[in-house]
Amino acid sequence: MIQALIDYDFIRYSFISGLIAGLIAPLIGTFIVIRRLSLIADALSHVTLGGITFGVYLSSLVGMTINPLITGIIFSVFGALGIERLRGVYKHYQELAIPIIMSFGVALSVLFLSLADGFNQDLFGYLFGSISAVNSFDLILISVIGVVVLIFIYLLYKEMFLVSFDEEYANVMNISKWIHFLFIIVVALVISASMRIVGILLVSALMTLPVAAAMRVTSSFKQLMIMSVIFGELSVIIGLFLSFHLDVSPGGTIVLISLALLAVTIILDRIGVKRRGEPTESI
């Protein structure tokens, strides 16, 4: 694969995109898991799929190529805003927002997929990830999203930390109203950035499995973030390497490696290689 990285642009694009996804997905996934909002990633991934199928249908309708990644991002952001709006409508049953938006995304996907006359190879790549599908435009867009995510976490780390561990106090400080809004948009962007490599149907796994593995070997929030990123990058690098040599979709191999790392950390925990407790509220 090293020689292929030198010889082929699309391999380099995929590898760099994978490294970015392996960084930002577990990083933002740490906050998702701590806030017990893991299913939001699934809901937004289905809405993103609706945007992608809409892009495919629109391309066939107007007779010109429209990058489905753009329409996927737009739908994902609007889906994120929809979740936040519904969480406000159902204040005592906020979890209802997730299945409502997920159902909406699935319905849109089925509708536009039927209008676009079914699957094609490009759509299959969006669903399960593809090494050959990432082009220079996708890489630029993914890189921009990566920078946005890192800036968001750097500038609003303390506010996100506070909202994640003590939402009631954050409400008193009048923080959570706008932090929720920004956070959910960033989650939508991360999903859009990661879907080219991992695939829409598996992108939530890259956001949660490395965090689940890191929880078994860490005892503070910062350690959790660092180890989540390490496990995410290992999953992406090993997964891309195996998918290239086995000629299979990268999404499945990346998720299987993530599951293998999770199993190893659980086994180590069981046999006595223990952390000093659950991740604490330590900045």
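In this text the structure is predicted, and so the values were computed from the model without any measurement.
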* Asked: Side chains of M215 and I34: does their closest heavy-atom pair fall under 4.5 Å?
  -> yes
* Using modelled atom types only, decide if a donor and an acceptor are shared between the side chain of T71 and the backbone of P68 within a distance under 3.5 Å. => yes
* Compare all side-chain heavy atoms of M207 with those of I191 and state whether any distance is below 4.5 angstrom. => yes
* Let me see the working for S143 and V147 under side-chain contact (heavy atoms from CB on, under 4.5 Å), right down to the final yes or no. => CA-CA 6 Å; S143 300; V147 171; 5.7 Å; no
* To do: Give the intermediate values and the outcome of side-chain contact (heavy atoms from CB on, under 4.5 Å) for residues L259 and L209.
  => CA-CA 7 Å; L259 287 167; L209 291 180; 3.8 Å; yes
* Asked: Can you list the steps and then say if R35 with M160 is a side-chain contact (heavy atoms from CB on, under 4.5 Å)?
  -> CA-CA 10 Å; R35 296 177 65 184; M160 284 298 304; 4.1 Å; yes
* Atom pair CD1 (I70) and CD1 (I52), whose distance is rounded to the nearest 0.5 Å -> 11.0 Å
* Test side-chain contact (heavy atoms from CB on, under 4.5 Å) on V56 and L113 and set out the steps. => CA-CA 8 Å; V56 173; L113 191 61; over 6 Å; no
* Structure fact -> The reported gap from CD1 in I184 to CD1 in I179 (rounded to nearest 0.5 angstrom) is 12.5 Å
* Taking every non-hydrogen atom, the tightest pair across I98 and I40 -> CD1-CG1, 3.6 Å
* Quick one: does S136's side chain get under 4.5 Å of Y13's, heavy atoms only? -> yes
* Going by heavy atoms in the side chains, are L206 and V236 under 4.5 Å from each other? -> yes
* Can you name the nearest heavy-atom pair linking L234 to I257, along with the distance? -> O-CG2, 4.3 Å
* R85 to F181, cation-pi by 6.0 Å centre distance and 45° axis angle -> no
* Asked: Would a distance-only check, ignoring hydrogens and angles, find a side-chain to backbone donor-acceptor pair under 3.5 Å from S76 to A188?
  -> yes
* Asked: Just by distance, do the side chain of Q223 and the backbone of S219 share a donor-acceptor pair under 3.5 Å?
  -> yes
* V186: which of I153, V77, I24, V149 passes side chain to side chain contact (heavy atoms under 4.5 Å, CB included) -> V149
* Asked: Hey, are the side chains of L49 and V106 touching, using non-hydrogen atoms and a 4.5 Å cut-off?
  -> no
* Any idea which heavy atoms bring E159 and L155 closest together, and the distance? -> OE1-O, 3.9 Å
* Asked: Is the side chain of S243 donor-acceptor paired with the backbone N or O of L240 at a distance under 3.5 Å, no angle test?
  -> yes
* Please report the closest heavy-atom contact between M195 and V203, naming both atoms and the distance. => N-CG2, 4.3 Å
* Could you give the distance from CD1 (I32) to CG (L27), rounded to the nearest 0.5 Å? -> 10.5 Å
Which pairs of donor and acceptor atoms, one on a side chain in residues 249-256, lie under 3.5 Å apart (sequence neighbours left out)?
unit_1 : atom_1 : unit_2 : atom_2 : d
T253   : OG1    : G239   : O      : 3.0
T253   : OG1    : P250   : O      : 2.8

* Hey, what do you get for CG (L139) to CD1 (I16), rounding to the nearest 0.5 Å? -> 5.5 Å
* Mind checking whether Y157 and F221 have parallel, tilted or perpendicular rings, split at 30° and 60°? -> tilted
* To do: Taking the side chain as every heavy atom from C-beta outward, state whether L37 and F31 have any atom pair closer than 4.5 Å.
  => no
* Asked: Which pair of heavy atoms, one from I142 and one from S17, lies closest together, and at what distance?
  -> CD1-OG, 3.8 Å
* Asked: Is the distance between the ring centroids of F75 and F104 under 6.0 Å?
  -> no
* Asked: At what distance, to the nearest 0.5 angstrom, does CD1 of I145 lie from CG of L189?
  -> 5.0 Å
* Where P26 and G232 come nearest, the two heavy atoms and their spacing -> CG-CA, 3.8 Å
* To do: Report the distance from atom CZ of F137 to atom CD1 of I140, rounding to the nearest 0.5 Å.
  => 7.5 Å
* Quick one: does S235's side chain get under 4.5 Å of L261's, heavy atoms only? -> yes
